[in-house]
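Notes follow the structure.
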Amino acid sequence: MNFPFNVLVIDDEQLMRDACYQILSRKGCDVWLSENGRSGLNHVEHQAFDVVILDLNLPGMNGFDILKSIRTKNTETVVIVITGYP
């Protein structure tokens with residue numbers, strides 16, 4: 001992978017999206033943000049991402065279902081699954 005990385009953050013919490021954006025953009029990454037799974041999958045349909053940071057618990061869609069869909073579209077994308085739940 002070469003810089004800048006294309007990173008997609010899919011998380012329903014605004015604070016988490018903003019924090020990821022601030023940190024990653026300062027490191028030179030191109031960052032896209034999605035507040036839900038459907039929006040995130042729409043981004044994946046139209047853009048290639050090096051990394052996806054994916055919240056496991058999203059309203060309306062399960063994070064694992066989103067992960068499966070991302071994997072079918074691009075097996076090279078690194079997906080980091082995060083959650084605030086035990």
Side-chain angles (χ1 to χ4, degrees):
M1 288 186 207
N2 297 320
F3 269 104
F5 293 129
N6 289 328
V7 180
L8 172 61
V9 179
I10 306 173
D11 198 305
D12 59 327
E13 294 185 30
Q14 178 76 37
L15 186 61
M16 181 60 83
R17 289 193 312 270
D18 289 345
C20 289
Y21 180 84
Q22 293 296 322
I23 293 166
L24 294 167
S25 62
R26 283 186 204 143
K27 296 292 183 182
C29 295
D30 294 324
V31 183
W32 284 259
L33 303 173
S34 292
E35 67 279 355
N36 60 56
R38 299 224 184 277
S39 172
L41 289 176
N42 186 46
H43 281 298
V44 171
E45 288 286 332
H46 297 96
Q47 175 70 34
F49 293 98
D50 301 302
V51 178
V52 174
I53 299 173
L54 172 63
D55 186 10
L56 184 60
N57 293 308
L58 293 166
M61 280 187 99
N62 180 298
F64 285 119
D65 293 333
I66 297 167
L67 174 61
K68 288 177 194 174
S69 183
I70 292 170
R71 283 278 165 237
T72 61
K73 290 171 183 32
N74 188 344
T75 59
E76 299 296 316
T77 300
V78 174
V79 179
I80 301 168
V81 178
I82 60 174
T83 187
Y85 296 93

same_hphob_cluster(Val78, Ile23) at 4.5 Å side-chain heavy-atom cutoff: no
Ser39 side chain vs Ser34 backbone, donor-acceptor pair below 3.5 Å: no
Linked, directly or transitively: Val51 and Phe49 (ILVMFWY side chains, under 4.5 Å): no
Roughly how far, to the nearest 0.5 Å, is CD of Gln47 from CG of Asn74? 11.0 Å
Under 4.5 Å between side-chain heavy atoms, counting indirect links through other Ile/Leu/Val/Met/Phe/Trp/Tyr residues: same cluster for Tyr21 and Val9 or not? yes
Taking atom CG of Asp18 and atom CD of Glu13, what is their separation to the nearest 0.5 Å? 11.5 Å
Would you give the length of the straight line joining atom NZ of Lys27 to atom CD of Gln22, rounded to the nearest 0.5 angstrom? 13.5 Å
Rounded to the nearest 0.5 Å, the CG atom of Leu8 sits from the OG1 atom of Thr77 at a distance of 9.5 Å
Flag the pair Asp11 / Ile53 as yes when at least one side-chain heavy-atom distance between them is below 4.5 Å, and no otherwise. no
Would you say the side-chain atoms of Lys73 and Ser69 include a donor-acceptor pair closer than 3.5 Å? yes
Are the side chains of Val52 and His43 in touch, meaning some heavy atoms are under 4.5 Å apart? no
Is it possible for you to say whether Val81 and Trp32 belong to one hydrophobic cluster, with membership spreading through side-chain heavy-atom contacts below 4.5 Å? yes
Under the criterion side-chain contact (heavy atoms from CB on, under 4.5 Å), which of Thr72, Ile10, Leu54 is the partner of Leu67? Leu54
Quick check: are there more than 12 heavy atoms from other residues, nucleotides or ligands sitting under 6.0 Å from CZ of Arg38? no
Does atom CG (Leu15) have a neighbourhood of more than 12 heavy atoms from anything else shown, all under 6.0 Å? no
If you compare all heavy atoms of Pro4 against all heavy atoms of Asp50, which two are closest, and at what distance to 0.1 Å? O-OD2, 4.2 Å
Working to the nearest 0.5 Å, report the span between CZ of Arg17 and CG of Asp12. 7.5 Å
Going from SG on Cys20 to CD1 on Ile82, what distance comes out if it is rounded to the nearest 0.5 angstrom? 5.5 Å
Partner residues of Asp30 under the side-chain hydrogen bond (donor to acceptor under 3.5 Å, both in side chains) criterion, sequence neighbours left out: none
Going by atom type alone, with no hydrogens or angles, which donor-acceptor pairs under 3.5 Å involve a side-chain atom of residues 55-62 and a protein atom two or more places apart or on another chain?
| residue | atom | partner | partner atom | Å |
| --- | --- | --- | --- | --- |
| Asp55 | OD1 | Asn57 | N | 3.4 |
| Asn57 | ND2 | Thr83 | OG1 | 3.1 |
| Asn62 | OD1 | Phe64 | N | 2.5 |

Would Met16 and Ile80 show up in the same hydrophobic cluster when neighbours are defined by side-chain heavy atoms closer than 4.5 Å? yes
